Participant: 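Take this structure first; my questions come after.
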Amino acid sequence: MKLAVVTTDKAGISTTLVGEQVIEGLRGLGHEVVPVYTDGRAGTPISTKSLSRLPTVCLLEHKTAAILAQVRYSRPACLLSVWTGNVEGYEVPDLLAYAAQFLKPRANGVPVRHVSHSLHTEAKLRELVQRFFRPSVGADILGNMTMHRYGVDPVFQPGENDPDLLVAPMNRVVQGSKNVGLHSEATGRYQLIARQRGFQPRTMFYHAPGFGPEDVKIKADLSVYEFQEQPADRADYVRNAARTGLFLSCSNFESFGIYYLELLCSGAVGVFLDRPWVRTLLPDYPYIVPAGELVSCLLHVRESHAEGRQQILAEIVPGLRETYSIERFCRGLVAETEALLQAGG
């Protein structure tokens, strides 16, 4: 099957990596893929003829309305809208407008369907639809929404995993959902005590281009981090993950959390601030703690790094690879697309 994939190729952001993985995954299944980049290094206006008569997978939920608005000029054969963003980052009216696009099996004459890529996103969207739409309308919308878990690429494998190398799993220096203030405070205290105990801790902060410490003003001690731009090359990104020994997440919420899964599959041991999205993503993970225990948990993981790493690789990672499979995700997208084409006649 020949199909278009709408994505971005902005350097250093997670959606770009999602796009690359999906395009590679679909091609690996034997399909011909036409990438359509809406912004970034090779930006392409959506109104071009590149989508005409092609089954289309849109990995940018905020571009779905624009695609449907341009059907007079570029009508896809069908449109699968995959939500890859952060639900909590949208205002309620925008979320309701998005959901309303799936009230009917067709929007502006185009067969459409929504796909959530995580249980967290699916639960949030369903809760919103059930809360704000009357039952009959909500049932129609929910009937046109589904979920396929996104997955980890098999290229992420354990490496040297330096136990003194801690990664801040954030791609931009902004206050908000990532809790940079709490993260820097915990990191600073951890580094101080770790040095007193004879370790040589370093904390790397790989940020997207244009989102480093020189570009924003936030109330946080950024001196605890060594800053470096996220590599534009995916192979370097994978190598960085394989070098990482530890990571600390203080995020209040995430659109998915794929970066953490990639780090775990690469042999790193992570400590998470206890939040609902973490419990949904990693229900059996041992190092999920309240804010007051972040530093003590990090120190414990550092001091028993070899044992903790072995436990994660033996008891957690096999289940992650089985549950979060990029190949299964891509096969799910193909199955949904084929069903839309069949229903559309």
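Worth knowing before you read on, the calculation uses all heavy atoms, side chains too, and leaves out hydrogens, waters and symmetry mates. Heads up: numbering here begins at 1 and tracks the sequence. The model shown is predicted, which means the values in this text are computed figures rather than measured ones.
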Participant: What do the steps show when you test E122 against R126 for salt bridge (charged side-chain N to carboxylate O under 4.0 Å, His left out), and what is the final call?
Facilitator: CA-CA 6 Å; E122 178 77 353; R126 285 185 173 271; 2.6 Å; yes
Participant: Determine whether the side chains of T121 and S116 contain a donor N or O and an acceptor N or O closer than 3.5 Å.
Facilitator: no
Participant: Are there over 12 heavy-atom neighbours, none belonging to Q310, within less than 6.0 Å of that residue's CD?
Facilitator: no
Participant: F102: what forms a ring-ring contact (aromatic ring centres under 6.0 Å, His included) with it, not counting sequence neighbours?
Facilitator: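 Counting only residues at least two positions away or on another chain, F102 forms a ring-ring contact (aromatic ring centres under 6.0 Å, His included) with Y98, H114.
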Participant: Would S296 and H300 count as having a side-chain donor-acceptor pair, cut-off 3.5 Å?
Facilitator: no
Participant: Any link between V269 and F199 through a network of hydrophobic side chains (Ile, Leu, Val, Met, Phe, Trp, Tyr) touching at under 4.5 Å?
Facilitator: no
Participant: Are the side chains of L246 and L165 in touch, meaning some heavy atoms are under 4.5 Å apart?
Facilitator: no
Participant: Donor-acceptor pair, T323 side chain versus L320 backbone, under 3.5 Å?
Facilitator: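 Answer holds: no.
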Participant: Do any N or O atoms from the side chain of N108 and from the backbone of L68 form a donor-acceptor pair under 3.5 angstrom?
Facilitator: yes
Participant: Go through the side-chain N and O atoms of Q157 and S266 and say whether any donor and acceptor fall under 3.5 Å apart.
Facilitator: no
Participant: Just by distance, with hydrogens left out, do Y225 and H183 show a side-chain donor and acceptor under 3.5 Å apart?
Facilitator: yes
Participant: Go through the steps for F256 and H117 under the test ring-ring contact (aromatic ring centres under 6.0 Å, His included), then give the verdict.
Facilitator: CA-CA 7 Å; F256 181 84; H117 77 336; 5.0 Å; yes
Participant: A cation-pi test, strictly: NZ or CZ of R302 under 6.0 Å from the centre of the six-membered ring of Y190 and no more than 45 degrees from its axis. Yes or no?
Facilitator: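 Pair R302/Y190 does not count as cation-pi.
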Participant: Ring-plane angle category for F272 and W277, please: parallel below 30°, perpendicular beyond 60°, tilted otherwise.
Facilitator: perpendicular
Participant: Taking side-chain hydrogen bond (donor to acceptor under 3.5 Å, both in side chains) as the cut-off, I'd like each qualifying pair that reaches into residues 278-290, sequence neighbours left out, listed once.
Facilitator: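 Found D274-R279.
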Participant: Given the side-chain rings of W83 and Y150, with only the six-membered ring counted for Trp, is the space between their centroids under 6.0 Å?
Facilitator: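 No: the rings miss the under 6.0 Å criterion.
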Participant: Under 3.5 Å, is there a donor-acceptor pair linking the side chains of R243 and N161?
Facilitator: no
Participant: Would you say E254 and Y259 are linked by a side-chain donor-acceptor pair, where the criterion is simply a distance under 3.5 Å?
Facilitator: no
